[in-house]
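Below, all heavy atoms of this structure are taken into account, side chains as well, without hydrogens, waters or symmetry copies. Quick note on labels: first sequence line is chain A, next is B, and so on, each numbered from 1.
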Protein chains: 2
Amino acid sequence: MAARKAPEDRRAELLRAAVAVIARRGFAAVTLRDVAAEAGVAHGLLRHYFRSRGDLLAAAFDLAAGEDAAQLPASPPSPAAHLLDRCEPLPDQHYLLWIDAWSEAPRSPELAAILRRHHSSCERAADGAIREGNARGLWSCPDPAGAATAFEAQLDGLAVQLYALHRIDREGYARLARSAAEGLLGLGPGGLAAAADRERVPAT
Amino acid sequence: MAARKAPEDRRAELLRAAVAVIARRGFAAVTLRDVAAEAGVAHGLLRHYFRSRGDLLAAAFDLAAGEDAAQLPASPPSPAAHLLDRCEPLPDQHYLLWIDAWSEAPRSPELAAILRRHHSSCERAADGAIREGNARGLWSCPDPAGAATAFEAQLDGLAVQLYALHRIDREGYARLARSAAEGLLGLGPGGLAAAADRERVPAT
DNA sequence: TACCGTGTTGTCCATGCGGACAACAGCGCG
DNA sequence: CGCGCTGTTGTCCGCATGGACAACACGGTA
């Protein structure tokens, strides 16, 4: 049925299938048979690549989260542009995976560790951007670390409203995220976009 | 084994057991046998009170969310006190239920409807408090509806960090929540508590 | 007291699960 | 050419699940 493949390719294929099934059914309801069917493969093959169901799920989420992180620009153009960029909602499916992972974290130490690692990474980027903006005089934020945590939490909470509950739309998400960021940085309405413009053309 | 009881009492007892099991195992992993064991009852009895597993879970979450809502003070002492109060973290178990429900919502229209109802209710209270504060001159918020949505989302996001990931502690939660609220309302640090004090003694 | 309604139980069933494993197939090396 | 390594399959097992149901127990009523 399924042609023989290079182990690494096959492994990645299985992980991608697992991500798709997790997004569709939720972590707890994922079945090895579902994943195998998604990949077009006998379910026994999964045992050949992963020791257990738990291993597969953790590896799958780690891959998906890693790809999300890789999509952020490697060298952010400017602090304001970085924060402004994070105010744009992601493609639909991604955040549902995160929300599901949150709910699973209290019962899966391994998943919790992966989640904490990725959240820390995002937060560190935001913290760096806020400090850099302080240094460049774009804004004056007395508590960059706290503001970074609050900013990331704000995005997560808005994502719940947008992706899980459909109580806001993508434009509302972006508007409220920008407004919250401006509040945290002590900027007025439109201040973030203005700061980004100011950075794009260093000297007026 | 279990003594005969009044139907309403027994039903409430089963729902409370279900809430406990949901909090412990997560929605998707809840077993009728788990719930029955938690309640000290034969699992067949659940069929006597609920048509299906889905019915039981939805009714259980609705009960828990309703009880959470009932714990909010009936007539908020003052707008500032209301918002300040919501910045205090809830008892641990409650929010895990909410996070789990978010992740289940995209696959359960009934649960999604219950969630939207309760979120709307909380948000409406915050919106009212913000408008009332505007009217009393405690602060000046140009977009109360947006601020209410953002405030609730901020609390939800911080709850994820606190309850699911343990990346902040209860004090950090309260501090960041207050700070975010002040940002949304255009108040300086400590401005919320100051407004609450000012309200407690109407005229200096 | 006898009886009936109903809350409660224990058991049964079909289904689907994760995991184990023996057998098969095809490629590359000797 | 033959052979072994390994990716792949299909099948089997023990087990837990949601649901169905007949039998039981007990309180209220006649």
**Q.** Donor-acceptor pair, side chain of His82(B) and main chain of Ser78(B), under 3.5 angstrom
**A.**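 Not a single qualifying donor-acceptor pair exists.
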Q: Five pairs at each end of the helix from dT1(C)-dA30(D) to dG30(C)-dC1(D): take the axis at both ends and give me the angle between them to 10°.
A: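 The end-segment axes of the helix from dT1(C)-dA30(D) to dG30(C)-dC1(D) are tilted 20° relative to each other.
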**Q.** Residue Arg10(A), side-chain atoms from C-beta onward, closest of dT8(C), dT8(D), dT9(D)
**A.**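 Ranking dT8(C), dT8(D), dT9(D) by closest atom to the Arg10(A) side chain puts dT8(D) first.
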Q) Of all residues at least two apart in sequence or in a different chain, which pass the side chain to side chain donor-acceptor pair (under 3.5 Å) check with His119(B)? A)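 By the side chain to side chain donor-acceptor pair (under 3.5 Å) rule, His119(B) matches Gln161(A), Trp102(B).
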Q) With sequence neighbours left out, what residues match Trp139(A) under side chain to side chain donor-acceptor pair (under 3.5 Å)? A)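 Trp139(A): no side chain to side chain donor-acceptor pair (under 3.5 Å) contacts found.
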(Q) The criterion is salt bridge (charged side-chain N to carboxylate O under 4.0 Å, His left out); which residues satisfy it with Arg170(B), sequence neighbours excluded? (A)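 Salt bridge (charged side-chain N to carboxylate O under 4.0 Å, His left out) list for Arg170(B), sorted by chain: Asp92(B).
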Q. How would you list, by chain and number, every residue that makes a salt bridge (charged side-chain N to carboxylate O under 4.0 Å, His left out) with Arg116(B), sequence neighbours excluded?
A.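 For Arg116(B) there are no salt bridge (charged side-chain N to carboxylate O under 4.0 Å, His left out) partners, ignoring immediate neighbours.
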Q. Which of residues 42-61 of chain B sit near DNA chain D, with a heavy atom under 4.0 Å from it?
A.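 Correct list: His43(B), Arg47(B), Ser52(B), Arg53(B).
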Q. Heavy-atom contacts under 4.0 Å between residues 26-36 of chain B and DNA chain D, which residues?
A.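 Residues of residues 26-36 of chain B under 4.0 Å from DNA chain D: Val30(B), Thr31(B), Leu32(B), Arg33(B).
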Q: Would you mind checking if Glu13(A) and Arg10(A) are paired as a salt bridge, meaning a charged N to carboxylate O distance below 4.0 Å?
A: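 Answer for the salt bridge query: yes.
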Q.
Give me each pair satisfying side chain to side chain donor-acceptor pair (under 3.5 Å) with a member in residues 171-180 of chain B, each pair once, sequence neighbours excluded.
A.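 Passing the test, one end in residues 171-180 of chain B: Asp143(A)-Arg175(B).
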Q | Qualifying residues under ring-ring contact (aromatic ring centres under 6.0 Å, His included), relative to Tyr163(B), sequence neighbours excluded | A |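 If we apply the ring-ring contact (aromatic ring centres under 6.0 Å, His included) test to Tyr163(B), skipping adjacent residues, the hits are Tyr95(B).
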Q.
For a 4.5 angstrom cut-off between non-hydrogen side-chain atoms, does Phe61(B) reach Leu115(B)?
A.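 Yes - at least one pair of side-chain heavy atoms lies under 4.5 Å apart.
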Q) Sequence neighbours excluded, which residues qualify as side-chain contact (heavy atoms from CB on, under 4.5 Å) partners of Glu123(B)? A)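 Arg167(A), Ala148(B), Thr149(B), Glu152(B).
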Q.
Using a 6.0 Å cut-off, check whether atom CD of Glu110(B) has over 12 heavy atoms from anything other than its own residue.
A.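 For Glu110(B), atom CD is not crowded (no more than 12 foreign heavy atoms under 6.0 Å).
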Protein-nucleic acid N or O pairs under 3.5 Å, nucleotides 25-29 of chain D:
none

Q. Can you pull the salt bridge (charged side-chain N to carboxylate O under 4.0 Å, His left out) pairs that have at least one residue in residues 33-48 of chain A, sequence neighbours excluded?
A.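 Passing the test, one end in residues 33-48 of chain A: Arg24(A)-Glu38(A), Arg25(A)-Asp34(A).
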